[in-house]
Amino acid sequence: MSKSIFTDNFPIINSKNNDELQKVIQANPEYDPYYIRSCCDKEVKKMFDYFWKIYQPFADRHFLADCKKHFHQRTWEMYLGVVFMENGLNISSSGKGPDFVINKDKENKIFIEATACERGKSEDAVPQEFLATKPEEIKMQNVPYDEMMMRLTNSLDSKYKKIY
């Protein structure tokens, strides 16, 4: 397996240079923008690679390839695994079925399936939030409660249908 969760060589970009980052994202539409952003940020890249070093033995064989398209979902799974291990829990993963089995003892097991929602693409998608870069740009925004609940419900329903 790879030493890095990032198997592509995107340039390291100063976090304040959003125009350069947007150019890299637009030039690589097949990648999750969060994957590119994380790969282009030296400190974020270092953090994810630290998690990868710990989690790598538990990753399924499609993890790195799927990471490029579903980075948030896969790094959430990885983060959970690392937190479980760093807290002394004995975990296992078969590569199919639940993401984790926490083995408390032979009779008591906890099955965990990690999931993370996507923003959505239809008219009920969660709108992109406005992120201020200067104090004078700060403004009030509505929380898109209905759209967020739709995304959560859809994510849970998809996992349920996949399992049952």
Side-chain angles (χ1 to χ4, degrees), residues 1-86 91 93 95 98-100 112-134 137-139 141-162:
M1 284 251 190
S2 173
K3 287 185 173 187
S4 176
I5 194 169
F6 303 100
T7 57
D8 299 281
N9 293 318
F10 293 112
I12 298 298
I13 297 173
N14 180 317
S15 61
K16 295 182 184 195
N17 193 341
N18 195 41
D19 291 338
E20 188 177 343
L21 179 60
Q22 290 306 315
K23 286 178 187 174
V24 175
I25 290 170
Q26 289 171 359
N28 298 280
E30 70 277 16
Y31 291 98
D32 183 332
Y34 184 37
Y35 174 84
I36 296 172
R37 280 188 189 99
S38 299
C39 187
C40 290
D41 185 306
K42 185 178 180 179
E43 292 304 312
V44 173
K45 185 176 184 176
K46 184 177 174 183
M47 177 193 67
F48 279 121
D49 282 341
Y50 167 78
F51 290 147
W52 177 242
K53 183 178 177 183
I54 296 168
Y55 182 71
Q56 187 174 356
F58 298 94
D60 62 47
R61 59 188 168 108
H62 304 291
F63 190 92
L64 289 177
D66 194 46
C67 222
K68 295 175 183 187
K69 295 183 181 192
H70 303 104
F71 193 69
H72 184 71
Q73 292 85 342
R74 290 307 222 157
T75 54
W76 172 240
E77 175 186 329
M78 178 175 68
Y79 176 75
L80 284 176
V82 170
V83 168
F84 294 150
M85 287 184 278
E86 287 187 341
I91 68 168
S93 178
D99 292 317
F100 304 105
I112 297 175
E113 181 67 33
T115 188
C117 306
E118 293 184 350
R119 181 175 299 283
K121 293 183 174 103
S122 62
E123 67 276 350
D124 62 358
V126 175
Q128 183 70 40
E129 69 278 0
F130 173 78
L131 299 174
T133 57
K134 302 174 199 157
E137 294 176 347
I138 296 172
K139 63 181 182 178
Q141 300 177 67
N142 290 327
V143 175
Y145 178 81
D146 291 341
E147 293 88 349
M148 291 170 71
M149 290 304 295
M150 294 275 289
R151 300 283 49 95
L152 287 168
T153 303
N154 184 50
S155 182
L156 293 172
D157 185 57
S158 295
K159 283 288 184 178
Y160 178 83
K161 287 177 181 172
K162 187 177 178 182

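Basis for what follows: all heavy atoms, side chains included, without hydrogens, waters or symmetry-related copies.
Closest heavy-atom contact between His72 and Asp32: N-OD2, 3.9 Å. Residues Lys69 and Glu30 share a closest heavy-atom pair of CG-O, 3.7 Å. The two residues Ser4 and Thr7 make their nearest non-hydrogen contact at O-CG2, 4.3 Å. Among all heavy-atom pairs drawn from Gly81 and Ile91, the shortest one is O-CD1, 4.0 Å. The nearest pair of heavy atoms linking Arg74 to Phe63 is O-CZ, 3.3 Å. The heavy-atom pair separating Asp49 from Ile5 by the smallest distance is OD1-N, 2.9 Å.
Evaluation of the side chain to side chain contact (heavy atoms under 4.5 Å, CB included) rule for Ser155 yields Thr115, Cys117 as partners, not counting sequence neighbours. Taking Lys134 as the reference, Glu136, Glu137 meet the side chain to side chain contact (heavy atoms under 4.5 Å, CB included) condition, with sequence neighbours excluded. Evaluation of the salt bridge (Lys or Arg N to Asp or Glu O under 4.0 Å) rule for Asp8 yields Lys68 as partners, not counting sequence neighbours. For Tyr145, there are no ring pair (Phe, Tyr, Trp, His ring centres under 6.0 Å) partners at least two apart in sequence or on another chain. Listed by chain and residue number, Val126, Pro127, Glu147, Met148 satisfy the side chain to side chain contact (heavy atoms under 4.5 Å, CB included) test with Pro144 (two or more places apart in sequence, or in another chain). Partners of Tyr79 under the side chain to side chain contact (heavy atoms under 4.5 Å, CB included) rule, at least two apart in sequence or in another chain, are Phe51, Trp76, Val83. Taking Phe48 as the reference, Phe71 meet the ring pair (Phe, Tyr, Trp, His ring centres under 6.0 Å) condition, with sequence neighbours excluded. Remark: Phe10 pairs with Tyr31 by the ring pair (Phe, Tyr, Trp, His ring centres under 6.0 Å) rule, at least two apart or across chains. For Asp157, the side-chain hydrogen bond (donor to acceptor under 3.5 Å, both in side chains) partners are Lys161, not counting sequence neighbours. Listed by chain and number, the residues in a salt bridge (Lys or Arg N to Asp or Glu O under 4.0 Å) with Asp19 amount to none (sequence neighbours excluded). Listed by chain and number, the residues in a salt bridge (Lys or Arg N to Asp or Glu O under 4.0 Å) with Arg151 are Asp124 (sequence neighbours excluded).
Rounded to the nearest 0.5 Å, atoms CG (Asp66) and OH (Tyr35) are 12.0 Å apart. For the atom pair CG of Asp99 and CD of Gln73, the computed distance is 11.5 Å after rounding to the nearest 0.5 Å. Rounding to the nearest 0.5 Å places SG of Cys39 at 13.0 Å from OH of Tyr34. With rounding to the nearest 0.5 Å, the separation of CG in Leu21 from CZ in Arg37 is 6.0 Å. Asn9 CG to Cys40 SG: the interatomic distance, rounded to the nearest 0.5 Å, is 10.5 Å.
When atom types are taken as modelled, the side chain of Trp52 and the backbone of Phe6 share no donor-acceptor pair closer than 3.5 angstrom.
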### Step-by-step side chain to side chain contact (heavy atoms under 4.5 Å, CB included) determination, Ile13 to Val24
CA-CA 10 Å; Ile13 297 173; Val24 175; 3.9 Å; yes
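Note on residues 39-48: no pairs pass side chain to side chain donor-acceptor pair (under 3.5 Å), not counting sequence neighbours.
Side-chain contact between Asn28 and Ile36: present, with at least one pair of heavy atoms (C-beta onward) separated by less than 4.5 Å. Proximity of Leu156 to Tyr160: side-chain heavy atoms (C-beta onward) are nowhere separated by under 4.5 Å.
For CE of Met85, the number of neighbouring non-hydrogen atoms (other residues, nucleotides, ligands) closer than 6.0 Å is greater than 12.
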